[in-house]
Amino acid sequence: MPTSAPWDSLWIDLSVATMDGAATGGADGYGAIADAAVGIKDGRIAFVGRRADLTDAPDALATEVHSGQGGWMTPGLIDCHTHLVYGGNRAREFEMRLNGATYEEIARAGGGILSTVTATRAASEDQLLAASLPRLDSLLAEGVTTVEVKSGYGLDTDTETRMLCVARRLAQVRPVEVRTTYLGAHALPPEFKNDPDGYIDRICAETLPAIAEAGLADAVDAFCEGIGFSVAQTRRVFETAKRLGLPVKLHAEQLSNLGGARLVAEFGGLSADHIEHLDEDGVAAMAEAGTVAVLLPGAFYALRETKLPPIELLRRHGVPMALSTDNNPGTSPVTSLLLMLSMGCTFFRLTPAEALAGITRHAAKALGLDDRGVIAPGKRADLAVWRIEHPAELAYAIGLNPCMAVVNGGVVRKPRVEAGAA
Ligand SMILES: N=CN[C@@H](CCC(=O)O)C(=O)O
Ligand SMILES: [Zn+2]
């Protein structure tokens with residue numbers, strides 16, 4: 001009676017970028033293994049190493065044997081900061097900016113986020129789902145296996161709840177893991193005009209407790225900025241999140257330095273995001289707290305920012321750096337995570353290895369996930385296979401998508417999900 005193979009599947013004929021700095025001392029930054037083999041059992045990595053170290057023939061070790069055709073395998077990509085679910089678009093605002101208006105002027109004039117709030121409040125759950133799927137499909141085509149999705153365009157309890165329900169539904173109709181973040185403190189809704197403290201009262205007393213009770217959020221975020229909320233108001237939201245047992249993250253130091261990074265570090269927060277205006281005190285506080293720096297070059301590009309995030313300080317203090325699309329209708333209508341690799345290197349001067357860690361290992365850490373983001377025994381078998389000769393090509397090529405296969409929890413899929421498939 002033939003014994004059953006120990007593994008469900010085995011990948012060979014490829015090199016592997018494990019992105020597991022711990023395993024390789026980060027020598028090449030990729031944790032690279034040439035002529036490698038990756039064994040998968042029950043949706044988890046069972047083996048990763050040299051093919052020469054396999055103890056038996058491939059078809060004796062696995063039920064399914066897959067060839068990487070001489071390419072490379074990386075961990076599945078993780079987009080750790082998106083506002084993917086929303087109604088409408090802001091192309092007119094794009095035109096206004098090209099006619100000289102700034103992002104802040106448009107926001108202060110009641111446009112910007114609030115115009116998306118109007119469109120999102122008017123949309124049904126099914127309409128929001130239909131509007132979000134093409135944006136998600138674009139990310140999935142590039143080997144993305146985990147996406148974070150924020151609320152923040154409802155600003156009332158019903159619509160914030162609806163947004164997070166839609167975010168959760170995305171994972172039911174697409175091969176992707178979705179992590180949700182409540183971002184009620186994103187902008188001041190019209191019904192609380194000139195009363196930000198009253199709006200924070202409602203977030204802390206009504207909306208956030210209701211969303212936590214419903215299990216709709218994995219984390220809580222806020223926009224700490226002159227056109228957003230103060231440190232004191234953000235602190236109140238974080239105190240409520242802490243009481244409800246939810247981790248925090250923060251849109252911090254995007255347009256100015258209010259000390260948001262120090263605040264999110266004080267709460268042991270998962271990440272500080274944007275951080276163009278971050279100073280060394282903030283970097284040191286993040287390093288101390290293990291808070292990840294999430295870099296958003298799409299917003300930097302779309303707003304034509306000139307203030308670069310303090311990359312050298314982040315490196316010197318050992319703060320993990322992640323990259324993300326920040327997909328949103330205003331500052332970053334971006335649906336390509338691979339393009340963020342290119343921008344992270346070209347604008348922010350990350351190395352290709354740092355950039356790839358930014359959408360794998362460090363992006364997982366920004367979401368508080370330690371079961372993915374590296375290829376190592378026991379981790380989720382979330383993988384992407386690329387028709388490339390070296391991982392640096394992923395950051396080097398602009399507009400080319402060399403993804404040839406994606407593995408979600410051990411299940412192999414083609415990169416492009418059938419358009420419109422439910
Ligand atoms: N800065 C605040 N939030 C989003 C922009 C939201 C919007 O403009 O719609 C961001 O991450 O850039
Ligand atoms: Zn954002």
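If you read the sequence from its start, that first residue is 1, and numbering goes on from there. Counting starts at 1 for both ligands and their atoms, following the listed order. Hydrogens, waters and symmetry mates are skipped; everything else that's a heavy atom, side chains included, is used.
- The nearest protein atom to atom 1 (N) of ligand 1, hydrogens excluded, is given as Gln254 OE1, 2.8 Å; this is a heavy-atom distance.
- Nearest N/O/S atom of His251 relative to the Zn ion (ligand 2): this is NE2.
- Between the side chain of Thr120 and the backbone N or O of Gly87, at least one donor-acceptor pair lies under 3.5 Å.
- The contact set between ligand 1 and Tyr103, taken as ligand atoms under 4.0 Å from a residue heavy atom, comprises 1 (N), 5 (C), 6 (C), 7 (C), 8 (O).
- Shown in contact with Gly330 at under 4.0 Å from a heavy atom are these atoms of ligand 1, numbered in order with element: 8 (O), 9 (O).
- A donor-acceptor contact shorter than 3.5 Å links the side chain of Glu253 to the backbone of Gly260.
- Under a 4.0 angstrom heavy-atom cut-off, His274 registers as being in contact with ligand 1.
- Distances shorter than 4.0 angstrom occur between a heavy atom of Tyr153 and an atom of ligand 1.
- Less than 4.0 angstrom separates some heavy atom of His81 from each of these atoms of ligand 1: 11 (O).
- Considering every non-hydrogen atom in both Leu394 and Leu341, the closest pair reads O-CD1, 3.6 Å.
- Interface of Arg90 with ligand 1, defined as ligand atoms under 4.0 Å from a residue heavy atom, comprises 7 (C), 8 (O), 9 (O).
- Atom NE2 is the N/O/S atom of His83 found closest to the Zn ion (ligand 2).
- Looking at atom 2 (C) of ligand 1, its nearest protein heavy atom turns out to be His186 NE2, 3.5 Å.
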Between Phe347 and Phe300, does the ring-ring contact (aromatic ring centres under 6.0 Å, His included) criterion hold? Intermediate values first, please. CA-CA 9 Å; Phe347 283 143; Phe300 178 90; 5.4 Å; yes
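- Residue side and main chain included, Asp326 places an N/O/S atom under 2.8 Å of the Zn ion (ligand 2).
- Inclusion of His274 in the first shell of the Zn ion (ligand 2) is not supported: no N, O or S atom falls under 2.8 Å.
- Note on ligand 1: Thr116 sits outside its first shell, no heavy atom being nearer than 4.0 Å.
- Smallest separation of non-hydrogen atoms from Cys204 and Arg243: O-NH2, 4.0 Å.
- If you check the side chains of Arg135 and Tyr86, you find a donor sitting under 3.5 Å from an acceptor.
- Residues Val149 and Thr181 are not in side-chain contact: their nearest non-hydrogen atoms beyond the backbone lie 4.5 Å or more apart.
- Ser324 and Asp326 are not linked by any side-chain donor-acceptor pair at a separation below 3.5 angstrom, with hydrogens and angles left out of the test.
- There is a side-chain donor-acceptor pair under 3.5 Å between Arg168 and Thr180.
- Of all the atoms in ligand 1, the ones that sit under 4.0 Å from a non-hydrogen atom of Ile113 are 6 (C), 7 (C), 8 (O), 9 (O).
- Closest protein heavy atom to atom 12 (O) of ligand 1: Thr331 OG1, 2.6 Å.
- Outside the 6.0 Å centre-distance limit, the rings of Tyr396 and His390 are not counted as a close aromatic pair.
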